[in-house]
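Note that this is a predicted model, so its numbers are computed, not measured. The first residue in the sequence is number 1, and the count goes up from there. Note: hydrogens, waters and symmetry copies are ignored here, and every other heavy atom, side chains too, is used.
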Amino acid sequence: MAKIGVRVEATEENTQQRDFSNLPNGDYQLEISASEIKEKNEGSRDHSINLSVTIDVLAPEELKGRKIFSNYNLQHPNSQVQEIGQRQFACLLRSLGMQDAPEDSDELHFLSFFARIGMGKDSKEKNADGSPKYAARNELKKYFYPDEGNLPEPKVDAGPVAANDNRRQPAASNDNRQAPQADAKPAARRPWGNK
C-alpha cells in the first residue's frame, strides 16, 4: 500500500467542474482579468514583445465567468505581424475608452468592453494523422467603441441546426416524375483525338 502523504478535501468548491469548450459566436460584454508581458530575444534585432491577456465574460448571463485568451504582438521582427498586433491592441484600447496605451498592463484590468467573439482557423501545421496541430479557438473578431454609440446587447448567435437532431422528418413526397435536367453542353473534344 502506498501512502499519499498530503491532506486533500473533496469539497464542493474544489471539485467544481469547469467548461473549457469554445464559446458560441456572438456579442459579449467582457473584461480583462489578468495580463502578462512576454519578451523574447531581448537585446537582439529579433526582439519581440507580446501582451497576453485573460478575458472574462460578463454577459450574456448564461456564460458569465467563462474565459478566453488573447495575445497582442506589440513589437515583432516581422513588420506585418507587428502592424496587425498593434492595430488589434489599438482597437482594444478604443473599446476600453482609452486613447493611449497605459504604462502598466494592470491598468487594462476590470474595465468593461464589448466585442464580437467568433472562431478562428485551425493551424496550418498538421500532426502525423493529418489533423491540425492546434484546433481553432475563440478570437475577438470585432470591437465595439463607446464613442460610436454602437454597443450591442450581449447575445449569442443562433447556431446552425444540427445535422442529426433526432427529430422525425416528414417523408419526401414522390410523384414519380423524373427530375428536371440541366441544359447539357456538348462534350469537348479530347486533345488526343478519337480512338
| Should L92 and M98 be regarded as members of a common hydrophobic cluster, given that ILVMFWY residues are connected when their side-chain heavy atoms come within less than 4.5 Å of each other, either directly or indirectly? | yes
| query | What are the two closest non-hydrogen atoms of G26 and D157, and how far apart are they? | reply | CA-OD1, 3.7 Å
| said: salt bridge (Lys or Arg N to Asp or Glu O under 4.0 Å), that's the test. Do R94 and E148 meet it? Break it down for me. | reply: CA-CA 10 Å; R94 186 172 172 200; E148 289 182 352; 3.2 Å; yes
| field | Atom NZ of K64: over 12 foreign heavy atoms under 6.0 Å | value | no
| message | Taking atom CD as the centre, does E103 end up with more than 12 heavy-atom neighbours from other residues, nucleotides or ligands that are less than 6.0 angstrom away? | response | no
| query | Between L151 and L63, is there a shared hydrophobic cluster once you connect ILVMFWY residues whose side-chain heavy atoms come closer than 4.5 Å? | reply | no
| Can you find a heavy atom in the side chain of P132 that is under 4.5 Å from one in the side chain of K126? | yes
| request: Give, for atom CZ of F69 and atom CG of L140, the distance between the pair rounded to the nearest 0.5 Å. | output: 12.0 Å
| message | Would you compute the distance between atom SG of C91 and atom OH of Y72 and round it to the nearest 0.5 angstrom? | response | 9.0 Å
| note | Rounding to 0.5 Å, atoms CG (L30) and CZ (F113) come to a distance of 4.5 Å
| note | Taken in chain and number order and not counting sequence neighbours, the residues that satisfy ring-ring contact (aromatic ring centres under 6.0 Å, His included) with F144 are none
| How long is the gap from OG on S95 to NZ on K142, to the nearest 0.5 Å? | 12.0 Å
| note | Heavy-atom nearest pair, N22 first then A136, reads ND2-O, 3.5 Å
| query | Using 4.0 Å as the upper bound for N to carboxylate O, is an ion pair formed by R116 and E139? | reply | no
| task | Side-chain contact test, heavy atoms from C-beta onward, threshold under 4.5 Å: evaluate it for Q82 versus R87 and give yes or no. | result | no
| Can you check whether L58 reaches Y28 side chain to side chain, under 4.5 Å on heavy atoms? | no
| So if you build clusters from Ile, Leu, Val, Met, Phe, Trp, Tyr with side-chain heavy-atom gaps below 4.5 Å, do V53 and V81 land together? | no
| Is P102 close to L93 at the side-chain level, that is, under 4.5 Å between some pair of heavy atoms? | yes
| Does M119 share a hydrophobic cluster with L23, counting links as ILVMFWY side-chain heavy atoms below 4.5 Å and allowing steps through other members? | no
| field | Flag, side chain of N50 to backbone of K38, donor-acceptor distance under 3.5 Å | value | no
| request: For the residue pair I55 and E31, establish whether any side-chain heavy-atom pair is separated by less than 4.5 Å. | output: no
| message | If we count only N and O atoms by modelled type, under 3.5 Å, do the side chains of S33 and H109 hold a donor and an acceptor together? | response | no
| Does I68 offer a backbone N or O that forms a donor-acceptor pair with the side chain of R137 under 3.5 Å? | no
| query | Taking side chain as C-beta onward, heavy atoms only, is K141 less than 4.5 Å from I117? | reply | no
| said: Let's go through I49 and H47 carefully: what are the C-alpha distance in whole Å and the side-chain angles of both, what is the deciding distance for side-chain contact (heavy atoms from CB on, under 4.5 Å) to 0.1 Å, and is it a yes or a no? | reply: CA-CA 7 Å; I49 301 173; H47 183 223; 3.8 Å; yes
| message | Between R66 and D56 (salt bridge meaning N to carboxylate O under 4.0 Å), is one present in this structure? | response | no
| query | Can a donor-acceptor pair be found between the side chains of D46 and S44 at a distance below 3.5 Å? | reply | no
| task | Determine the sole option in T54, L51, L108 for which the side chain to side chain contact (heavy atoms under 4.5 Å, CB included) test with S35 is passed. | result | L51
| task | Using a cut-off of 6.0 Å, state whether more than 12 heavy atoms not belonging to Q80 lie near its atom CD. | result | no
| query | Judged by modelled atom types alone, do S48 and Q75 share a side-chain donor-acceptor pair under 3.5 Å? | reply | no
| CD/E83 to NE2/H76 distance, rounded to the nearest 0.5 angstrom? | 13.5 Å
| said: Can you tell me how far apart CG (L111) and CD1 (I32) are? Round to the nearest 0.5 Å. | reply: 8.0 Å
